[in-house]
Amino acid sequence: MQSTSYSLENIRKDFPVLARKVRDEKDLVYLDNAATTQKPIHVIDAISDYYKNHNSNIHRAVHALAEESTEAFEAVRDKIAKFLNIKDRQEIIFVRGTTEAINLVSYSWGRENVKKGDIVVTTEYEHHSNIVPWQLLAQEVGAEIKYIDIDENGELILEQLDDHLATGKVKLVAVSHVSNVLGTITDVNRIITKCKDAGAKILIDGAQAVPHMKVDIDSLDCDFYAFSGHKMLGPTGVGILWAKKEHLEKMQPFHGGGDMIREVHKYETTWNDLPYKFEAGTPNIADVIGFAAAIDYLSNIGMDNVRAHEIELTAYALEKMKNVKGLTIYGPKDPQKASGVISFNFNDVHPHDVATIIDKNGVAIRSGHHCAQVLMEKLNVAATNRASFYIYTTKEEVDVLINSLEDVARVFKL
Amino acid sequence: MQSTSYSLENIRKDFPVLARKVRDEKDLVYLDNAATTQKPIHVIDAISDYYKNHNSNIHRAVHALAEESTEAFEAVRDKIAKFLNIKDRQEIIFVRGTTEAINLVSYSWGRENVKKGDIVVTTEYEHHSNIVPWQLLAQEVGAEIKYIDIDENGELILEQLDDHLATGKVKLVAVSHVSNVLGTITDVNRIITKCKDAGAKILIDGAQAVPHMKVDIDSLDCDFYAFSGHKMLGPTGVGILWAKKEHLEKMQPFHGGGDMIREVHKYETTWNDLPYKFEAGTPNIADVIGFAAAIDYLSNIGMDNVRAHEIELTAYALEKMKNVKGLTIYGPKDPQKASGVISFNFNDVHPHDVATIIDKNGVAIRSGHHCAQVLMEKLNVAATNRASFYIYTTKEEVDVLINSLEDVARVFKL
Amino acid sequence: MSADPIYTEMIIEYSRNPSNFGKIDEPHIHRHDSNPLCGDSIDLYINIDENKVSNVKFDGKGCAICMACTSVLTEMIQGKTLDEVKNFQKDELLGELGLEHLIKTSPVRIKCALLSLKALKHGIYTFFVEKMNDTESAGNLKEEASSLY
Amino acid sequence: MSADPIYTEMIIEYSRNPSNFGKIDEPHIHRHDSNPLCGDSIDLYINIDENKVSNVKFDGKGCAICMACTSVLTEMIQGKTLDEVKNFQKDELLGELGLEHLIKTSPVRIKCALLSLKALKHGIYTFFVEKMNDTESAGNLKEEASSLY
Ligand SMILES: Cc1ncc(COP(=O)(O)O)c(C=O)c1O
Ligand SMILES: Cc1ncc(COP(=O)(O)O)c(C=O)c1O
C-alpha cells in the first residue's frame, strides 16, 4: 500500500525490527512512536561503522582516528543547523535528550534570571520534563508556576497567557510545540509574539514536533528549543538544546569538566567558546554520528511528506474509530490540527488492560499517564491509551489496532 | 605473542578497528586508551541487535518490545552490581559518564551539604571533571577548595590531607582512584579511613580504575564512586554513579522530568523510588545494554589478568624508554604503583609536534594537557605526551612507539 | 481465543465489583501509594483491634489487575493478627488469583499486582514505628516493601 | 622519509628561535588567548603609533606550529596600518609558512596555527571599542575572531 508520495513498502524494508514476530508469531504492529521510534538500518550501520573503523575520543588528540571522529562529530552540528534552519552552529548543544536540555536551561539560565515572586508559565498538556524542572526551580528561588489550561478540544486557551503576562512578572513561558498525548499542535507563533511584546522569554519543547513536521528555528525566533533524537529515527542518548547565542554567552556553565573549559587553575577557571562551554565530558560521540544518518533519512523523505503521511493515517484512523462503540477520543478531531497521535479510552476498561490484551495480537500501544499527569488530572482519567504513528505505519496496522479492540470487548464482556 | 595468561592474538581479532590502516597504509597502533578504548565486536553487535530486534522505550509500556527492553536494561544494573560487588542495585545510577556523575553529586548533594566556609578537598592530579564542579559549587556557596599536592614520584602527599581534615571544615574529599596522566594508583583505603575518622564524605573518580583493575565497592566503603563505560570497552554515552543509599535517599533530585517522579500535580510533585529518582528522561537504553557486553567481555578475561597484562607492558615500555636520550617520564617508575599509562616529554619538542609526527607511522598517542591543567602547572609543562595501554596492546606496538621517536629526532634535528 | 492467562472471570469480576471498596474515617493505618510508571493509585485504610485487623477498606483508581489484587488482599488480611499480616507473602496473594506467572512474564504488570501489598507493608511499618514505638517489630518491613519493585 | 608537509626547516627554525619574542610594558593592546583543546597559550602585545603598528611582541608556550605562526604574524603586521591589520586574512598567514593544507587536513592543528590571529583580531577589536570608542571600525572583528575556530 502506498499512502503518500513515498514508497511505504521500501521504507518498511529499511527497518529490521518491523519484520519481528511477537507473542506467538504475530506481526509486530508498532504504534508507540511518540515514546520512541524504530531505527532504519542506515542509523544502525552508521553506529557500527563508527566503532569498527574510526572510534576515538574527540577534540583534543591529533592522531588519525581522533581527527576523523572529531570531523564526523562536528559535521553533525552543521547538518542539524541546516535541517532546522539554524544560522549559527555555535548555538547547538548536544545533550542526552529533551529532558536534559530543559534542565540545562532551568539550572544555567533559570537560577540566574528567575527570582522570588517571578512567574514561569507552562501548560496543562506538558510532559513532566517541561513541568518538574520549573517546579524545582520555583521551589528553590521562590518563584511561581502558572498554567495555560486547555479547552474541550484539547487546545490551549491563549487568553490565559495574556492574563499571566499582564502581571508583568512572567520571566519564561515553557510550552510544548506538540502535545505528546493529544497531538495538539501549539500555535507557537502567536505565543512567541505575545511573549516578545511582554518581554518574557520562551522555551519550546519540540520533542514531538521536530520528528513530525518542518521546523524552522530561525523564523520561529524563540529563545530556547529542545528535542530528542530517539523520537526521530535516531539512537537513544542524543538530544539537542538550541538557544540564542546572547543567552548562552551570559549563562553560567551547567556541568563542569573536560572540554568546557579554556584554562583551569587551582582556584579559578575560564570557559571555552560556545557550544563547548555547555558540553562537559566525553559526549555520546557514536550516537551523535548515528543521529546524522537519521536526519539524512528524514531529509530524503522530506518532512512535508512525513507530515502528509501522518495526516492521512490519522484521518483514516479517526474515521474508523467513529464506528467503534464505547470509544472516547481525547484531543483535536481535525487531523490538520494534530500530529499522528491518538489518545483514547475504551468503555470502562483501564488502558493497561487494553494494552495488555491487544499486545497479544502484536499491537504495541502505550497506556498510562504518558508523563503528563497534570493533563490526566484535567481529563479526569487515571490513564489513556495512546496510538502514535510514524513514517512506516500503514493503514492495515491501524485496522489491526481497531479490530483488536473486539478482543478487549470479549474479555471484558462488553 | 602471548604476553599474559590470555591469548592476545584472539583478543585482537575481536576488535575490528585494530585491522585499520591509517596514514598511507600504516598499521594502527592505538595507544590512546585512557581517552577511550576500542570496542569488541560483542559490544557493537549487542547495540545493533537491540535496535534490530527489540528497540522500545522502557519502564512504562506493557507491550512485548517494551518488556524485553526494560528487562534487558534493568539486567545491566544487576550485572554492574556483581562486577563491582555492590550490594544494593538501587544504588546504581545511569548517567552519561564520569563527568555527569560528579556533577550530579555536586548539585544534588553538594548544594545541600556544603556551606559557606566549608572545604572541599581535591588533588593536584585530578581530571578537570573532579575540579571544576567543585569550583562551581564553592563559588556558589562560598566554600573553599583545598588541594593535596603530589611529590616528585607523582604520588599524593597524604599528610596534607591530615592538615586539611584537622580544620574540621572538610565536607568532602574528591579524589581519583587512578591518575589519568601519571597512572598513579591512589591509596584510597588510607584516604577513606582518614575521612571516616574526620567525618568527611569521600567521592572517588574511578574513570581510570574500573577499566584496569578489580574494584570492590562494598569493601571500599566510600560515599560516592563514578566511572565511564567508554573507557572500558563500552559505548560512548554511558556512565555510572554509585552512591550510598542513605545519601541518595536524602538528596534532592538533579534533573526533573519523566521516570523520576511518583506523582506530578500542578504545584507539587513526589519522587520515584531509587534509582529512578535520579534518572530523568529517556535513558541511553541501547548503549546501557551494549555496556553489558563490555562487562561480560572483561569478566571473561578476568580483571586480574587485565591488570597483569598492563603491568607487564608498562614494565617493558619503561625499560625500553630508559635508553632513549632526551626522554623525561612523569609519574611512578614502578609498574606496580601505576596503571598502564606513561606520560613523557621528548627533548624540547612540544607534545603536539611529537604526536603529529609519530601519527604518520600510525601511532595514536594523546598529547596536550589531558584535562589536567592543574597538574601541568605543577609539572611546569604546557603539555605532555601520553601513551596508554589496554588489553589488546602488544609489546611490538610499544616498540613502534619508541622507534617512532627517531623520526621526531630527525625532523627536529636533535 | 484461548482462555486468557491474566484476565480470568475472577479478575474481571473483581475489577468491576471490588471488595471492601471505600474509606475508613480516622483509620489506625492509612497508606497512599501509586505506581509511578502507569499511574495506578490507591489508598489503603486499616483498623487494628486487639492486635488484629478489624476493618480494612481501599479506594483509588487502577487497572483490573490492581483492583483485583487489592480486593483479594483486603479479603485475605481481614481478621488476621498483625504478625500474620506482617509475614504475608506475595506468592499467597498472586496464587489466589492465578497470577504467579506474572513475576516471570511481565515485569511491568507485576507492579500493578503488588501495589497494594507494598502499601500494606509500608503501612504496617509506619504503624509499628509511629503508633506503637516498636521499631523491633517493624523490622525490615520498609526494605521489604521497597524491594517489591 | 619524504619531506614533511608541516615540519619544514622554516617552522622548526622559528619554533627554536621565535621572532619578536618578549613583552611590552604597558602596551596599547594586550591580548591573552589559549587553546582549550591542547593548552597552547600566548600573550600578544602591540603598540600603535599614528594608526600604525609600531611595536609588536609575544610570549607564551606552544607547539612548533603555534610558535612559527605567531612569529610570522608579528613580522607581517609590523608597520602595517590598523586598517591593513584589521583586514589581514588567515590565508596570507598560512601561505607564508606553506600551511594552507592544514585547513583541510587537520582540524585540530589548524587551531594551533591560527591562535595568534585570533588573539590579534580580538585585540584590535577591544582597542577600537575601548580605547578609541569606535565601534564602527571594530565592525564584526569579534565574530571574525570567534569563527577562526
Ligand atoms: C580520571 C578521569 N576522570 C574523569 C574523566 C571524565 O570522563 P568522561 O569524559 O567520560 O565524563 C576522565 C576521562 O576523560 C578521567 O580520565
Ligand atoms: C513532549 C515531550 N517532551 C519531553 C519528552 C522527554 O524526552 P526525553 O525522554 O527524550 O528526554 C518527551 C518524550 O518522552 C515528550 O514527548
Side-chain angles (χ1 to χ4, degrees), chain A residues 16-17 20 22-23 32 35-36 38-39 44 47-48 51-53 55 57 60-65 96-97 99-100 103 128-129 131-133 135-136 145 147 230 235-237 255-258 261 263-264 266-267 269 280-282 284-287 352 355-356 359 364 366-368 371 373-374, chain B residues 16-17 20 22-23 32 35-36 38-39 44 47-48 51-53 55 57 60-65 96-97 99-100 103 128-129 131-133 135-136 145 147 230 235-237 255-258 261 263-264 266-267 269 280-282 284-287 352 355-356 359 364 366-368 371 373-374:
Chain A
V17 78
R20 259 279 315 249
V22 290
R23 310 290 189 204
D32 193 14
T36 199
Q38 297 302 336
K39 321 303 172 197
I44 302 170
I47 298 168
S48 297
Y51 285 130
K52 285 181 185 169
N53 294 305
N55 174 65
N57 214 320
R60 285 172 304 245
V62 304
H63 56 75
L65 297 190
R96 178 171 41 248
T99 304
E100 188 181 11
N103 279 279
H128 293 160
S129 293
I131 294 180
V132 183
Q135 289 180 336
L136 287 169
I145 309 283
Y147 285 82
H230 70 94
T236 51
H255 293 186
I261 54 88
E263 288 178 30
V264 176
K266 274 191 171 174
Y267 305 104
T269 285
T282 304
N284 187 353
I285 304 166
D287 290 332
H352 264 53
T356 294
D359 169 54
R366 171 87 14 152
S367 58
C371 298
Q373 290 187 347
V374 167
Chain B
V17 79
R20 258 278 318 249
V22 290
R23 310 287 190 207
D32 192 14
T36 199
Q38 297 302 337
K39 321 303 172 197
I44 303 170
I47 298 169
S48 295
Y51 284 131
K52 286 182 184 169
N53 295 306
N55 173 65
N57 215 320
R60 285 172 303 244
V62 303
H63 56 76
L65 297 190
R96 180 172 37 250
T99 304
E100 188 181 11
N103 278 279
H128 293 160
S129 293
I131 294 180
V132 184
Q135 288 181 336
L136 286 169
I145 309 284
Y147 286 82
H230 70 94
T236 51
H255 294 185
I261 55 87
E263 287 179 30
V264 176
K266 275 192 170 174
Y267 306 104
T269 286
T282 304
N284 187 355
I285 305 167
D287 291 331
H352 265 51
T356 295
D359 169 53
R366 171 86 15 152
S367 59
C371 298
Q373 290 187 347
V374 167

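Below, chains carry the letters A, B, ... as their sequence lines are ordered, and counting in each starts from 1.
Heavy-atom pairs under 4.5 Å with chain A peak, among B/V62, B/D359, B/T236, B/V132, at B/T236. Contact tally against chain A (heavy-atom pairs below 4.5 Å) for B/I131, B/I47, B/D287: the top residue is B/D287. Here B/H128 is the residue among B/H128, B/H230, B/R60, B/H352 with the most heavy-atom pairs under 4.5 Å with chain A. Between chain A and the options B/S367, B/A64, B/G281, the largest number of non-hydrogen pairs under 4.5 Å is found for B/A64. Most heavy-atom pairs under 4.5 Å with chain A, from the set B/T282, B/V22, B/I145: that is B/T282. Contacts with chain A were tallied for B/L136, B/T269, B/N53, B/I285; B/N53 has the most, counting heavy-atom pairs under 4.5 Å.
Looking at A/Q373 and B/I261, their side chains come closer than 4.5 Å, going by heavy atoms from C-beta outward.
Although no hydrogens or angles enter the test, the distance criterion places no donor-acceptor pair under 3.5 Å between the side chain of B/T99 and the main chain of A/A280. The backbone N or O of B/K266 lies less than 3.5 Å from a partner atom in the side chain of A/Q135, making a donor-acceptor pair. Using a distance-only test at 3.5 Å, with no hydrogens or angles considered, no donor-acceptor pair links the side chain of A/T36 to the main chain of B/N57.
For B/N103, there are no side-chain hydrogen bond (donor to acceptor under 3.5 Å, both in side chains) partners two or more places apart in sequence or in a different chain. A search for salt bridge (charged side-chain N to carboxylate O under 4.0 Å, His left out) contacts involving B/D32 returns B/R366, B/R386, not counting sequence neighbours.
Heavy atoms closer than 4.5 Å to chain A are found in both the backbone and the side chain of B/R96. B/L65 touches chain A through its side chain: at least one heavy atom from C-beta onward sits under 4.5 Å away, while N, CA, C and O do not. If you measure heavy-atom distances from B/V374 to chain A, the contacts under 4.5 Å come from both the backbone and the side chain. For A/V264, the parts lying under 4.5 angstrom from a heavy atom of chain B are both the backbone and the side chain.
Closest heavy-atom contact between A/G256 and B/P133: O-CG, 3.4 Å. Nearest heavy-atom pair, B/G258 versus A/C371, reported as atom, atom and distance to 0.1 Å: CA-SG, 3.9 Å.
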